[in-house]
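Below, read A as the first sequence line, B as the second, and so on, with proteins coming before strands; counting in each chain starts at 1.
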Amino acid sequence: MPGQASCGGTYAMRMTKAFGKTLREKPSEAEMASHELMVRAGLIAKLAAGIYDYLPLAWRSVRKIEDIMRREMDAIGGQEINMPVVNPADIWQESGRWYDIGPEMVRFKDRSGRDMCLAMTHEESVTDLARRYVDSYRQLPFVLYHIQTKFRDEPRSRGGLVRAREFIMKDAYSFHRDSEDLQRYYPHVCRAYERICNACGVPVVKVLSDVGMMGGNMAHEFTYLTDAGEDTLILCPECGYAANREVATFRKERAGTVGSELPKVGATEKVSTPGKNTIELVCDYLGVDPTASIKTMIYFPQGGEKPALVAIRGDLDINERKLANCLKTSEVRLATPEELEKFGLVQGYMSPVGLEGFTVVADDSLQEGSGYVAGANEKDFHLKNVVPGRDFKADVWADIASAREGAPCPVCGHPLDARRGIEVGNTFMLGTKYSASMGAYFRDEDGSLKPMVMGCYGMGVGRLLACIIQENRDEKGIIWPVTVAPYHVHLLSLGTSARVKDAAEGVYQRFNEGRVEVLYDDRDESAGVKFNDADLLGMPVRVTISERSLDRGGAEIKLRREKGSTIVPLEELYATVNRMIQEEFERYRQD
RNA sequence: CGGGGAGUGGCGCAGCUUGGUAGCGCGCAUGGUUUGGGACCAUGAGGCCCCGGGUUCAAGUCCCGGCUCCCCGACCA
C-alpha cells in the first residue's frame, strides 16, 4: 500500500492473544483527554513520574510516526544515524553546557570515576562526529538525523506523553558552509515538519520562539493549538503573525498620555502618595493614565552578582524571558521584599531616578514621552515630571514587555490573540555556537579555516502521538488517522454461533493473507463490550460480523469517524475494505 | 522550588470527623444462562490500609517525620 508504514511484518492480531487490556474508568492520574485515552486504551503504562511503557498498540503507532519522519527527513537529504544515550562529560564541557545546564541533565560517574551524562540532546555528539569526518567545503552541506530515547529530569512532568522525562525524539542536524546556505536549507525543514504533522493528523502553526538552551540566532516552534497546551502563543488573526509569548512583540502605541501632550516638562516634583503602592492606586490617586507612569522592579540574574533595576511603562508587564535574554543570562529572579530593604528600597515606591549600583534596564516603551509618574524611592512618595534620559540613564534599552491578548500586532496593528498550544517540534538556526567551541572547522575554497554553520531540528515522537490523540477523538475514544493507526481494521464477531464464527475466521484469514492490518476481536464478550472497545481503540475501519449482518447479506462496515454503516457481501469485503483504507490514506496525502 | 490535593485488593472509590472484626462498584477465577451498544445468577480468590516512629488496652482512623503521585505556578522540548 503506497505510503504505508510496515510494522515488522505483523499484520494481524487476535484480541484473545493481544497483550494489554482496556479500562472502563478514567484513571485518576490522567487529566488531559489524550492521557486518559492512552491509558484507558492500553497504549501506555506509567512506571514512574514521566516514565512510561509503550504497549503493543502504541508502539505500532510510534513506528509508523517514525517512518513518516524518516520519509520526510530523507526527502530533504537527511541521513539516519544513531548516537549514544550516554555521553562523556568532556564534549559537554567543550561546548560549555556541562556548566550551563542544571539538574535536568542526569550526571553520573562510570566505574573508573569518569564524569558521564545522559544526553538530553545531541549537538555535542553530532558536532564531534562532524569535526572528525569533515575537512573540506566539498563535504558540505549534509544533514544527519536520529530517532532516540532521551532523558531529561524535568522539574514537572505532566499530561502523560505530552511532557515526559523519558521520551523519544527525532533530532536532525544540518551542517553548512555559511549562514546563507543554512538559511536556504532552513525552509525545507520547516516544510518537512508541517508535512509530518499534517500526515499524522495534527494541525500545527509555526511560531517564532526563544532559542533557549540551544543558543543560536533564530528559532521556530511547530505548535499544535489546544486549550490543554502548556505554551502560550500570541497570534494575529489578520496577518498571520505568530510567536511564542516568550518572544512575542507588539506595538506600544500611546494613547493620550501626559508625556506626549507635554513635550517640555519642568523639574521632577515629589508628591505625597500615602499607601499608594501599586500602579493602579497611584495613578488613580494622582489622576494620570497608567501609560504615563513607570513601573520599576528589581531582578537578580542567574548567578546573582549585580542586581538589575528594570523599568517599564506602568500599563505593561515585564517578560522575564526577554529580560533574561537581554541580561545575557539563563534566568532571572525577582528580588524579595527583604532584599529590597537591604538596598533601602520599598516595593511600590521604586524608580530608576537617583539610584546607583544597579544595571538599569528600561523598556523601549519609555523612550518616547516624558513627564512620567515614578516612585521617589521613599515610602509614601512618588515623583512627577520624570523624563527618561534626563532624570535617569539606562544601561540597556530593550523590548522587555510581555505581549498579551488584545495588544496591537507588531506587523499590522490588529488586536492579537492569545492561544494555548503544545510544542511538537522546533527548529533552530544554531550558527557556529557548537562548531566554534568544539573545533568543527573545515577548509573553505579560498583556503581559510571556518567553523561549520549548523542548524538543529527536534521533534517529539511521543508528544506528537499524544497530540494525535488529543486532536482525533470523540467522547467514546480515539479516532486514529489511518496513517498512524496501530491497525487499519477492527474486525469483530458477535455471538458464538458456528455460522458467525466461521464467517469471521474466514474474513480474518483472507485479510491476513492479503496483508490487511487487522485487529480481530475474537473474544467471548457481549456486543456492547466489543463495540465500546472498538470505539475506544479507534481503528479507522470497523467490520462487524453477526447473525444479523449475515442475514442482511454479509458484514457491516463502518468508518470510525463517520456515523453510518453499510452491509457488504463477504466475497466483496476484502476489496471494499482495501478501497476504504486507500481512500482514508488519500485524506492525509501531502502536496 | 512555591501553593493545593491524594496514597485503602489489578482499576475507580467509601471508611478517618467521633479509635473497637476492612467495605462497595468494576475487573479476575469456576459453573450456568446470555450475545447489535460496557448482560445476569451462583460460588470464590485476592489487603504490609505508602513507609517509619509515637499516643493508646486497641490505630486505616489521632500525633510527628519521611517517601511517592497528581494539579496550579516557576522552569523546560
Side-chain angles (χ1 to χ4, degrees), chain A residues 20-32 35-36 39-40 42 45-51 101-105 120-121 150-171 209-214 219-224 228-232 244 246 302 320-321 324 330-334 336 421-428 456-464 466-467 476-477 492-497 500-501 521 523-536 542 544-552 556 558 565:
Chain A
K21 67 173 171 183
T22 57
L23 266 39
R24 193 174 296 204
E25 285 176 282
K26 173 180 172 176
S28 61
E29 71 186 57
E31 200 71 14
M32 204 178 295
H35 187 194
E36 176 192 339
V39 176
R40 281 220 295 135
K46 189 179 72 189
L47 182 59
I51 302 178
I101 294 174
E104 60 269 27
M105 183 158 76
M120 28 195 278
T121 176
K150 301 181 195 259
F151 187 88
R152 295 183 192 174
D153 197 356
E154 284 290 331
R156 186 180 158 214
S157 53
R158 61 181 293 269
L161 259 35
V162 169
R163 175 177 223 72
R165 293 196 294 165
E166 183 178 299
F167 57 99
I168 303 168
M169 189 159 165
K170 188 236 35 127
D171 245 339
S209 73
D210 186 52
V211 294
M213 71 166 183
M214 293 297 180
H220 289 93
E221 290 172 359
F222 292 78
T223 301
Y224 162 58
E230 50 188 353
D231 283 354
T232 301
N244 191 302
E246 292 177 341
Q302 169 83 358
E320 295 186 359
R321 185 77 259 144
S330 58
E331 57 188 280
V332 292
R333 177 179 66 77
L334 201 54
T336 63
I422 297 173
E423 178 188 351
V424 174
N426 52 33
T427 54
F428 296 87
C456 83
Y457 321 98
M459 190 176 258
V461 177
R463 188 178 275 188
L464 181 54
C467 291
K476 302 289 277 182
L492 53 94
S493 62
L494 301 183
T496 49
S497 75
V500 168
K501 271 201 150 161
D521 193 345
R523 298 173 302 172
D524 185 16
E525 289 285 355
S526 70
V529 170
K530 290 191 175 188
F531 282 135
N532 278 299
D533 274 348
D535 288 340
L536 175 61
R542 189 184 79 188
T544 308
I545 295 177
S546 65
E547 291 287 349
R548 185 194 288 187
S549 76
L550 291 175
D551 288 345
R552 290 184 186 174
E556 180 201 82
K558 180 184 172 298
S565 62

B:C70 phosphate, OP1 or OP2: any side-chain N/O from A:Arg158 under 4.0 angstrom?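 No, no such contact exists.
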
If the cut-off is 4.0 Å, is A:Ser526 near the phosphate of B:A39, judged by side-chain N/O to OP1 or OP2? yes

When all nucleic acid strands are considered with a 4.0 Å heavy-atom cut-off, which category describes A:Asp231: base, sugar-phosphate, or nothing? base

How many whole angstroms separate atom CG of A:Asn532 from atom C1' of B:U35? 14 Å

I need the CG-P distance between A:Leu494 and B:U34, as an integer number of Å. 17 Å

Begin with the C-alpha distance, continue with both residues' side-chain angles, and end with the deciding distance and a verdict on side chain to side chain donor-acceptor pair (under 3.5 Å) for A:Glu221 and A:Asn426. CA-CA 4 Å; A:Glu221 290 172 359; A:Asn426 52 33; over 6 Å; no

Record whether the side chain of [X] comes under 3.5 Å of the base of [N] through a donor-acceptor pair of N or O atoms.
X        : N     : result
A:Glu525 : B:G38 : no
A:Ser546 : B:G36 : yes
A:Glu25  : B:G25 : yes
A:Arg542 : B:G37 : yes

Determine, stepwise, if the pair A:Glu230 / A:Arg158 fulfils salt bridge (charged side-chain N to carboxylate O under 4.0 Å, His left out). CA-CA 10 Å; A:Glu230 50 188 353; A:Arg158 61 181 293 269; 3.1 Å; yes

May I ask you to decide whether A:Arg40 forms a salt bridge with A:Glu25, counting only side-chain N to carboxylate O separations under 4.0 Å? no

Can you list the steps and then say if A:Glu246 with A:Ser209 is a side chain to side chain donor-acceptor pair (under 3.5 Å)? CA-CA 7 Å; A:Glu246 292 177 341; A:Ser209 73; over 6 Å; no

